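All remarks here apply to the structure that follows.
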Amino acid sequence: LLLPTISKIIDRDFAKYGVSIVNVRGTGLRRFARILQQKDVSKPLFIPVACITDRDIMPDCAPAICIDEGYTSIDKYPTKRRKWKTESELPTADEKEKYVEAIKEKADGQNVKTFVSEQWTLEYDMFYSGLQDEMLEALVMVKYASQNQKSKLEEIREYIKNYSSKEEQAAYFYSFFYNESVSKAEFAQTLASSLLTSYSDKADELISQLPPYLLDAIRHVTEV
């Protein structure tokens, strides 16, 4: 519900443009993208397709916040069975660019274009870019019983103040999803409802608080 809701608020309603959303569950990007690409590249399907995916590079502060408080630097990360990487493990801009390009190459071609999060993941990037109040309220509504929501919201807001950087604050917010204590699907549904109520006539205000890659993806599939 989240992306269709955003598209509706910013006057690029998916329903109006006949846009469909397919959840490829993280591993099916290449397979689904190829379905919408012609073998003969000179005769492409005139169907714009936006593949939205995570960059999956943690900010350096995230392992200690989301996984284990002892993971404060590379030398303290586990050496076996580790599937995650951090910004400091790709220290140069060139390395990061090559990493992102490798993600895009899995699906890009013809009218299929991949849009990669600028930071880490969808939820992290959205919190990092803006909408912190709305996202915290949606988180609390999903995680806690109604009688506890007000106190828990204030408790989390106060706790976040202990972190001085945007990266740390966004990582703490994302820790609820990383540890699977909050359902991403339920959160997205709750946040979508909140955004529709709060921003139905404030498109520019919403746009200013969204990650650019999401807006670019929506524009790609709704260009006339």
Side-chain angles (χ1 to χ4, degrees), residues 2-3 6 10 24-34 37 41 48-132 135 160 162-178 184 204 206-221 223:
L2 190 55
L3 282 175
I6 292 172
I10 67 174
V24 301
R25 297 191 179 277
T27 59
L29 198 61
R30 187 193 301 272
R31 182 171 69 253
F32 280 92
R34 293 294 179 264
Q37 295 171 9
V41 297
V49 178
C51 298
I52 299 174
T53 190
D54 295 333
R55 182 167 171 261
D56 280 333
I57 304 177
M58 285 183 164
D60 289 335
C61 63
I65 294 173
C66 297
I67 306 174
D68 187 305
E69 62 183 13
Y71 295 165
T72 55
S73 59
I74 293 178
D75 59 302
K76 295 180 180 179
Y77 295 165
T79 56
K80 295 181 179 179
R81 298 181 180 179
R82 176 162 69 93
K83 297 181 180 180
W84 46 269
K85 60 176 63 66
T86 61
E87 293 285 349
S88 58
E89 292 177 279
L90 294 170
T92 69
D94 185 57
E95 286 177 293
K96 289 181 175 66
E97 184 178 351
K98 287 180 179 179
Y99 177 86
V100 172
E101 286 304 314
I103 296 175
K104 292 180 178 181
E105 286 173 2
K106 293 179 181 180
D108 276 8
Q110 299 176 36
N111 286 312
V112 179
K113 187 173 181 180
T114 305
F115 298 85
V116 184
S117 61
E118 286 94 358
Q119 308 295 329
W120 179 15
T121 70
L122 172 65
E123 294 82 9
Y124 175 95
D125 279 40
M126 288 188 67
F127 192 89
Y128 184 92
S129 297
L131 300 174
Q132 286 89 351
M135 296 184 78
I160 282 181
N162 293 322
Y163 295 110
S164 57
S165 71
K166 288 172 62 177
E167 289 82 4
E168 290 171 328
Q169 292 175 355
Y172 174 71
F173 172 79
Y174 189 68
S175 68
F176 289 92
F177 302 101
Y178 194 93
K184 288 187 175 184
D204 290 342
L206 177 60
I207 288 171
S208 70
Q209 299 180 80
L210 290 172
Y213 83 104
L214 285 185
L215 295 169
D216 290 342
I218 291 172
R219 292 182 183 113
H220 178 68
V221 296
E223 292 292 349

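Quick note: numbers below take in every heavy atom, side chains included, and nothing from hydrogens, waters or symmetry partners. Predicted, not measured: the structure shown is a model, and the values here were computed from it.
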Of the non-hydrogen atoms in Ile57 and Leu90, which two are nearest, and what is the gap between them?
CD1-CD1, 3.4 Å
Are Asp125 and Tyr213 side-chain neighbours, meaning at least one heavy-atom pair lies under 4.5 Å?
yes
Does a side-chain heavy-atom distance below 4.5 Å link Leu122 with Lys184?
no
Shortest non-hydrogen contact from Phe127 to Gln169?
CE2-O, 3.8 Å
Inter-residue atom distance Phe176.CZ - Glu123.CD, 0.5 Å rounding:
13.5 Å
So which heavy atom on Lys104 is nearest to which on Val116, and how close?
CG-CG2, 4.0 Å
side-chain contact (heavy atoms from CB on, under 4.5 Å) between Ile10 and Leu215, worked out:
CA-CA 9 Å; Ile10 67 174; Leu215 295 169; 4.0 Å; yes
Under 3.5 Å, is there a donor-acceptor pair between the Thr114 and Asp108 side chains?
yes
Output the distance between atom CD1 (Ile103) and atom OG1 (Thr53), rounded to the nearest 0.5 Å.
6.0 Å
Once the angle between the rings of Trp84 and Tyr71 is folded into 0 to 90°, is it parallel (under 30°), tilted (30 to 60°) or perpendicular (over 60°)?
tilted
For atom NZ of Lys113, is the number of surrounding heavy atoms from other residues, nucleotides or ligands below 6.0 Å larger than 12?
no
Nearest heavy atoms of Val24 and Phe32, plus distance in Å
CG1-CD1, 3.3 Å
Candidate pair Asp60 and Ile74, rule side-chain contact (heavy atoms from CB on, under 4.5 Å), full reasoning:
CA-CA 9 Å; Asp60 289 335; Ile74 293 178; over 6 Å; no
State whether the side chain of Gln209 and the backbone N or O of Leu131 hold a donor-acceptor pair below 3.5 Å, judged by distance alone.
yes
Euclidean distance, His220 NE2 relative to Cys51 SG, rounded to 0.5 Å:
8.5 Å
For a 4.5 angstrom cut-off between non-hydrogen side-chain atoms, does Leu214 reach Met126?
yes
side-chain contact (heavy atoms from CB on, under 4.5 Å) between Tyr77 and Thr86, intermediate numbers included
CA-CA 10 Å; Tyr77 295 165; Thr86 61; 3.4 Å; yes
What heavy-atom pair brings Ala171 and Cys66 nearest, and what distance separates the two atoms?
O-SG, 3.3 Å
What's the separation between atom CD1 in Ile52 and atom CD1 in Ile218, rounded to the nearest 0.5 Å?
7.0 Å
Any side-chain donor paired with an acceptor under 3.5 Å for Ser73 and Asp75?
yes
Side-chain contact, heavy-atom cut-off 4.5 Å: Tyr178 with Ile67?
yes
Taking the side chain from Glu168 and the backbone from Ser164, do they hold a donor-acceptor pair closer than 3.5 Å?
yes
Test item: Asp54 side-chain N/O and Asp56 main-chain N/O as donor-acceptor pair under 3.5 Å:
no
Ring-plane angle category for Tyr128 and Tyr124, please: parallel below 30°, perpendicular beyond 60°, tilted otherwise.
parallel
To check you understand the geometry: which heavy-atom pair defines the closest contact between Lys96 and Arg55, and what is its length?
CD-NH2, 3.4 Å
Taking atom CD of Glu87 and atom CD of Glu95, what is their separation to the nearest 0.5 Å?
11.5 Å
Can you tell me how far the CZ atom of Phe115 sits from the CZ atom of Arg219, to the nearest 0.5 Å?
10.0 Å
